[in-house]
Amino acid sequence: MADTVLQVAGLTRYFDVSKPWLNRVLEREERQFLTAVDDASFEIERGETFALVGESGSGKSTIAKMIVGLLAPSRGTIAFDGEPMHIQQGAAMRNLRRRFQMIFQDPFASLNPRWRVGEIIAEPIRTFGIASGAEVEREVARLLEVVGLSATDAGKFPHEFSGGQRQRIAIARALSSKPEFIVCDEPTSALDVSVQAQILNLMRDLQDEFGLTYLLISHDLSVVRHMANRIGVLYLGRLVEIADSKRLFTDPQHPYTRMLLDAVPDLALSGRRRTPVTGEIPNPINPPSGCAFHPRCPHVMERCKREIPLSRPTATGTAACHLLEDAPVA
Ligand code: SF4
C-alpha cells in the first residue's frame, strides 16, 4: 500500500510586485501580482525521489521554499505524514522541522565561511538535541566519513575545499538532524560536470542507507532521469504533467513535456534529431489566457485560448491538456 509522506494540495503563491503607492497614484496604475505557483497538487511516497522540472521561472524553487517553510503559501495546504504543517507550533513544529532538510544549489553560499566545518555540522545536532558533549564531535566525525570526507576535515574552513567537497559538507549538515525528507534544490548545477555524478551517486547511496525521501528540483533532465522515480513538469507555475520517470521519458503526454524532451541531446545515439525549445516563457505578471502554454504549443486550438485545462488521468499519470480529454486511459 502506498505510504504518502508529503501531500501538497492546491498550493498557490503570488507576490505583490506593485510599484510604490505614490507612483501608482501618479501613473494611475493598478496593483500587480505575479503568480509564481498556481494550484499545484501532488503527493510524495516514502523512500522515493520525486522531481520537479521546468524552465527557469516555472515555480519549482518557490514550491521547494514553501515546503521547507522559507515562504508561506498564499493558498493551499502542505501535510507531512498527515499533519498539516501550517498549524504546527512550538515543540511539534520544531520536531517537524528536524525531519525536513534542504540542500541548496550553491554550497559555498549555504555554508558559513567563518565557521569551521565541525561547527557547521554540529549546529543542527545541538539545536535539535540529538547529541551533547563529546558525542557531538563523534557524530560530526561519523557524518564526514559517511559523505566521503575525513574526520580531520572538521577543523578546516569551507574555502579550503573544492565545490564537490563543499556540497558533501552541505549534505553532512543536512543529515545531522537525522531527517527523513530532503529537498534538493539544483544540488549539482553549480558543480563541474566531472563531480556532478559523484554527488548524485552519493545522494542515492545515502537514500538507500537512511531510507530518505527526496524532492529534487532541477532544470537538468539528465539529472532527473538518473535520480527520480516520478516527475512533475511545471510550466509557468502550473503542474502540467506528473508521470513515472521511465514512462515520462518514453511516452510524454503533454505537448510541453514533449518539447522539453525533444531538446535533450540524444544520448542513445538513435539518430533522433534534437529540436531546441522554442519561444519564450510569457510574462508571469500577465500570463496568457486559457492554457498558459498556448502561444508556444504546436497543437493549439481555439478552446485552448479560453479554457484552462484541468489535470486528469492519462495512460502514464496525470496531465492537463485539452487534447488528452478524449484519449483512452490504459
Ligand atoms: Fe497545447 Fe491546447 Fe494542450 Fe495547451 S491545452 S498544451 S495549448 S493543446
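Side chains are part of it too, since the values below use all heavy atoms of this structure and drop only hydrogens, waters and symmetry mates. Fair warning: this is a prediction, and the values are worked out from it, not measured in the lab.
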Item to complete: Run the numbers on D39 and T12 for side chain to side chain donor-acceptor pair (under 3.5 Å), then give the verdict.
Response: CA-CA 5 Å; D39 202 18; T12 301; 4.9 Å; no
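- Here the side chains of T77 and P84 are not in contact, with every heavy-atom distance at 4.5 Å or above.
- Judged purely by distance below 3.5 Å, without hydrogens or angles, the side chains of Q253 and E241 never pair a donor atom with an acceptor atom.
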Discussion item. Determine whether S218 and D220 satisfy the following criterion, side chain to side chain donor-acceptor pair (under 3.5 Å), listing intermediate values before the conclusion.
Written reply: CA-CA 5 Å; S218 183; D220 185 337; 5.4 Å; no
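- The distance from atom CD of Q198 to atom OG1 of T188, rounded to the nearest 0.5 Å, is 11.5 Å.
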Discussion item. Checking I78 against M66 for the side chain to side chain contact (heavy atoms under 4.5 Å, CB included) test, could you report, in this order, the C-alpha distance in whole Å, the side-chain angles of both residues, the deciding distance, and whether it holds?
Written reply: CA-CA 9 Å; I78 302 168; M66 286 191 278; 4.2 Å; yes
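- Taking the side chain as every heavy atom from C-beta outward, R204 and H226 approach each other to under 4.5 Å.
- Taking 4.0 Å as the cut-off between side-chain N and carboxylate O, R138 and E135 do not count as a salt-bridged pair.
- We find that E302 and K305 are joined by a salt bridge, their nearest charged nitrogen and carboxylate oxygen being less than 4.0 Å apart.
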Worksheet item: Hey, mind stepping through S18 and Q32 against side chain to side chain donor-acceptor pair (under 3.5 Å) and telling me if it holds?
Response: CA-CA 5 Å; S18 313; Q32 286 193 312; over 6 Å; no
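- A salt bridge is defined here as a Lys NZ or Arg NE, NH1 or NH2 lying under 4.0 Å from an Asp or Glu carboxylate O, and R230 with D244 fails to meet this definition.
- Between R46 atom CZ and L212 atom CG the span is 11.5 Å, to the nearest 0.5 Å.
- Between R303 and E325, at least one side-chain nitrogen of the basic residue sits less than 4.0 Å from a carboxylate oxygen of the acidic one, meeting the salt-bridge criterion.
- Taking the six-membered ring for Trp, Y214 and F50 have ring centres at least 6.0 Å apart.
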Item to complete: Verify side chain to side chain donor-acceptor pair (under 3.5 Å) between E55 and Y256, making sure each step is shown before the conclusion.
Response: CA-CA 11 Å; E55 293 163 280; Y256 176 61; 2.7 Å; yes
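- By the 4.5 Å heavy-atom criterion applied to side chains, L144 and V117 are counted as neighbours.
- In this structure, the separation between CG on L216 and CE on M203 is 6.0 Å, given to the nearest 0.5 Å.
- Shortest non-hydrogen contact noted between G164 and I199 is O-CD1, 3.5 Å.
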Worksheet entry | L215 and I67: CA distance, side-chain angles, deciding distance, side chain to side chain contact (heavy atoms under 4.5 Å, CB included) verdict | CA-CA 10 Å; L215 169 61; I67 288 174; 3.5 Å; yes
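- Atom CD of Q167 is separated from atom OG of S162 by 10.5 Å, given to the nearest 0.5 angstrom.
- Connection of L111 to W115 is established within a shared hydrophobic cluster, with ILVMFWY side chains joined at heavy-atom distances below 4.5 Å, either directly or through further cluster members.
- Within the model, atoms CD of E48 and OG of S245 stand 10.5 Å from one another, a figure rounded to the nearest 0.5 Å.
- We find the OH-CG distance between Y235 and L260 to be 10.0 Å, quoted to the nearest 0.5 Å.
- Using a 4.5 Å heavy-atom threshold, the side chains of T213 and E180 count as separate.
- Around CZ of R142, the count of heavy atoms belonging to other residues, nucleotides or ligands within 6.0 Å exceeds 12.
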Worksheet item: When you look at Q101 and L175, which way does the side chain to side chain contact (heavy atoms under 4.5 Å, CB included) test go after all the steps?
Response: CA-CA 8 Å; Q101 286 297 330; L175 291 176; over 6 Å; no
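- Linking Ile, Leu, Val, Met, Phe, Trp and Tyr whenever their side-chain heavy atoms come within less than 4.5 Å leaves V300 and L323 in two separate clusters.
- Comment: D81 engages R99 in a salt bridge, judged by a side-chain N to carboxylate O separation of less than 4.0 angstrom.
- Ion pairing between R24 and E29 fails under the 4.0 Å rule for side-chain N and carboxylate O.
- Using a 4.0 Å cut-off between charged nitrogen and carboxylate oxygen, K178 and E139 count as a salt-bridge pair.
- Scored by the ring-ring contact (aromatic ring centres under 6.0 Å, His included) test, F33 finds Y14 as partners (sequence neighbours excluded).
- A 6.0 Å sphere centred on CD of E27 holds more than 12 heavy atoms belonging to other residues, nucleotides or ligands.
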